[in-house]
**Q** 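Pasting a structure below so you can have a look.
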2 protein chains.
Amino acid sequence: MNKTIADIAQMAGVAKSTVSRFLNGGSVSENTRQKIERIIKQYNYVPNTFARSLKAKKTSIIGTVVPRLDSYATSQTLMGIDEELRQLHYQMLIANTSQDMQREIDAIYDFARQKVSGIILLAAEITDAHLKAIEDIQIPVLLVGQQHESLHSLIHHDDQAGYVMGKHVIEQGHRDIVYLGVSEKDQAVGIHRKRGFQRAIAECNDCNVRYYETSFKMSEAVVTAENILGKNMPTLIVAATDNIAMGVMKTAFSRSISIPQQLSVTGFGDYDITEMIHPTLTTVKYHYSQAGKLAAGHISQLVEGQSVRLKTILDVELISRESVDKL
Amino acid sequence: MNKTIADIAQMAGVAKSTVSRFLNGGSVSENTRQKIERIIKQYNYVPNTFARSLKAKKTSIIGTVVPRLDSYATSQTLMGIDEELRQLHYQMLIANTSQDMQREIDAIYDFARQKVSGIILLAAEITDAHLKAIEDIQIPVLLVGQQHESLHSLIHHDDQAGYVMGKHVIEQGHRDIVYLGVSEKDQAVGIHRKRGFQRAIAECNDCNVRYYETSFKMSEAVVTAENILGKNMPTLIVAATDNIAMGVMKTAFSRSISIPQQLSVTGFGDYDITEMIHPTLTTVKYHYSQAGKLAAGHISQLVEGQSVRLKTILDVELISRESVDKL
DNA sequence: CTGAAAGCGCTTACAG
DNA sequence: CTGAAAGCGCTTACAG
């Protein structure tokens, strides 16, 4: 049977309130402090979380909302968050929403009901419903991977990513390019990443770029790529994610188009796998795990009432590998 | 301000206990039932989880312990668990242990402290410390992916997987084979999968098989493969996981060994990516997501005191693709 | 520094 | 079917 604070108090010969004070770092005389400490050690006493939360109306739990679990970006970010939160003595709770926006909203309210201290939100899109939920719950929220003017956020420098990639492929001599992007509903990938790329292209006089759109799924990217490669082929395809890039490569292989000799391909993300495939993929590295750690730090500061800059931007890094031919 | 059960009771003109009974499915007259229902709807009342758990000494949370987050098997399984648990009105809590055994043990105790109703354990190895923890906490535990005679478990048919793969490659005419496995500390992959393969080989008269060991990491597989391919090359390498198989392919590519013409390669797992790489990988499909759903069902039954068969085995399925040459 | 008492929001016998 | 009361294990003013 687990001991309660009353048991400990009795055995230490003090009042419950004194034990409670000790537990919460209040002032206790050296003498009683030792007595209590000894008894707690001896019986391996651990306070009941529910009783504590019921009374204190808060917890040391940080809720993390993720759109999916089976993505490199998500799992890396989660691992970073988890690791850092552990250091800070917070617990991480994960809610997976399977890309269902309503579940995202529900998850926010659910977390509030469970009295989490803070919420880290990995969402592709911030709608009014999100804003309302965040407003309603009165709990610190940190956005990761997306930004919103009225919310604390931590983002990757998508614009820069698009720009350096654009610059790179132009430098490599490519002029006939296809940019295979995703819906603009995704602010970070759909808009900023593309904008950055367009900035680079704007600085090129004789570049011819066609824009296509696909989804984040590799299988759909394959289909879109079929379409692109069936007509007049560009010298290079800039895919908006590594996943999409792999879909493109797949299609190229099945059509016996050799990469990079006949077609160059690039991605974004630097997933582990991109270094293992053949040819290795030129991409832009995103520091997901570091983003997770930073996010954990920021949310804990927010929870503890410290101020945190509204927007933090993480640098990205071009990784030049074999999938781009020098023309 | 959130309403409490007392508020609702007062507004409905009944006692708190009556509201509580209603909430918990006890018998209430049709009349009071309607009154209470209306008030609850109107104020959007939700019972406080802490108060409930404090009193009832249990929760509707299932804790899941995973060794890592960045693995195909893990994420697919988690998604299955999550989806089914949601249906069953349980909540899923995830504890990531980053392959640290001590953290695995700690996580079990932590979950117990939080009064989870049941625990799903994805672990590579079951030690005495695990057994002791499980014994100590007095909470239903379900093993997924590994088995132990004294614990409820849900496993993939690793022996069968190894066997069908062995049979398949023999049928394709391969006789000079390397089996690239992992440590026997991992019961499922290290032992059963290999044993199944060996059973198939035992039925082959003129098969020559060499056994090597590597880790689950693709990067280490690359190194081990360097070693193997440097000496006298087999006609085929059976890698113990898809990840390892991709490491082998990587090495082969970098040495300009063409697959499958000069070297055939197979894996286990059927990760999404195996269908997208070139050549596509012959592998054995594991039903991770289904395993997760079943696991959720089983743990809920265990929690509710129903009996569940001690060991459930999921079938696997050979997926024959391009990476194996017919000799 | 320390203790007695009230209360957090629920559930659970026990009467009626 | 319904209600009054006790209690789950803590924390928090309030006195002393």
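In what follows, every chain begins at residue 1, and chains take the letters A, B, ... in the order their sequences are listed.
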**Q** At under 4.0 Å, does any side-chain N or O of A/Arg52 touch on OP1 or OP2 of D/dT11?
**A**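 Affirmative; the distance criterion is met.
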
**Q** Stems in DNA chain C: runs of 3 or more consecutive Watson-Crick or G-U pairs, distances under 3.5 Å?
**A**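 DNA chain C stems, ordered by first number: C:1-3 with D:14-16, C:5-12 with D:5-12, C:14-16 with D:1-3.
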
**Q** Considering just the side-chain nitrogens and oxygens of A/Ser53, establish if one lies under 4.0 Å of OP1 or OP2 belonging to C/dC8.
**A** no

**Q** Aromatic rings A/His156 and A/Tyr286: how do their planes relate, parallel, tilted or perpendicular, breaks at 30° and 60°?
**A** tilted

**Q** Measure from CD1 on B/Ile5 to P on D/dC8 and round the result to the nearest Å.
**A** 18 Å

**Q** When you compare the side chains of A/Glu83 and A/Gln87, does any donor N or O come within less than 3.5 Å of an acceptor on the partner?
**A** no

**Q** Look at the rings of A/Phe50 and B/Phe50 and say which category their plane angle falls in: under 30° parallel, 30 to 60° tilted, over 60° perpendicular.
**A**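 Correct class here is tilted.
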
**Q** Between C/dT11 atom P and B/Leu54 atom CG, what is the distance in whole Å?
**A**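 Taking CG of B/Leu54 and P of C/dT11, I get 11 Å after rounding.
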
**Q** For A/Ile119 versus A/Ile108, what's the shortest heavy-atom pair and its separation?
**A**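 Reported closest heavy-atom pair: CD1-O, 4.0 Å.
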
**Q** What are the two closest non-hydrogen atoms of A/Gly145 and A/Ile155, and how far apart are they?
**A**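 Taking A/Gly145 first and A/Ile155 second, the nearest heavy atoms are C-CG2, 3.9 Å.
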
**Q** Rounded to the nearest angstrom, tell me the gap between atom CG in B/Leu23 and atom P in C/dC10.
**A**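 Value for this atom pair: 8 Å.
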
**Q** Quick check on contacts: within residues 14-21 of chain B, what sits under 4.0 Å from DNA chain D by heavy-atom distance?
**A** B/Val14, B/Ala15, B/Ser17, B/Thr18, B/Arg21

**Q** Tell me: NZ of B/Lys115 to P of D/dC10, nearest whole Å?
**A** 9 Å

**Q** Would you kindly give the CD1-to-P distance between B/Ile36 and C/dC10, to the nearest whole Å?
**A** 13 Å

**Q** Got a salt bridge between A/Arg113 and A/Asp110, using NZ or NE/NH1/NH2 to carboxylate O under 4.0 Å?
**A**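 Looking at A/Asp110 together with A/Arg113, the answer is yes, because their closest N to O distance falls below 4.0 Å.
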
**Q** Roughly how many Å is it from CG in B/Asn48 to P in D/dG9, rounded to a whole number?
**A** 16 Å

**Q** Do other residues, nucleotides or ligands put more than 12 heavy atoms under 6.0 Å from B/Gln10 CD?
**A** no

**Q** Please determine if B/Lys132 and B/Asp136 form a salt bridge, counting it only when a charged side-chain N lies under 4.0 Å from a carboxylate O.
**A** yes

**Q** Can you tell me which nucleotide in D/dT11, C/dT2, C/dC10 comes closest to the side chain of A/Lys55?
**A** D/dT11

**Q** Would you say A/Asn24 reaches D/dT11's phosphate, i.e. side-chain N/O to OP1/OP2 under 4.0 Å?
**A** yes

**Q** What's the CZ-P distance between A/Arg33 and C/dT2, to the nearest Å?
**A**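 Result: 12 Å.
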
**Q** Which heavy-atom pair separates A/Ile105 from A/His130 by the least distance, and what is that distance?
**A**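 Looks like CD1-N, 3.5 Å.
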
**Q** Establish, with yes or no, whether the OP1 or OP2 oxygen of D/dG9 is under 4.0 angstrom from a side-chain nitrogen or oxygen of A/Tyr45.
**A** no

**Q** Can you figure out which of D/dG9, D/dT11, D/dC1 approaches the side chain of A/Thr4 most closely?
**A** D/dG9

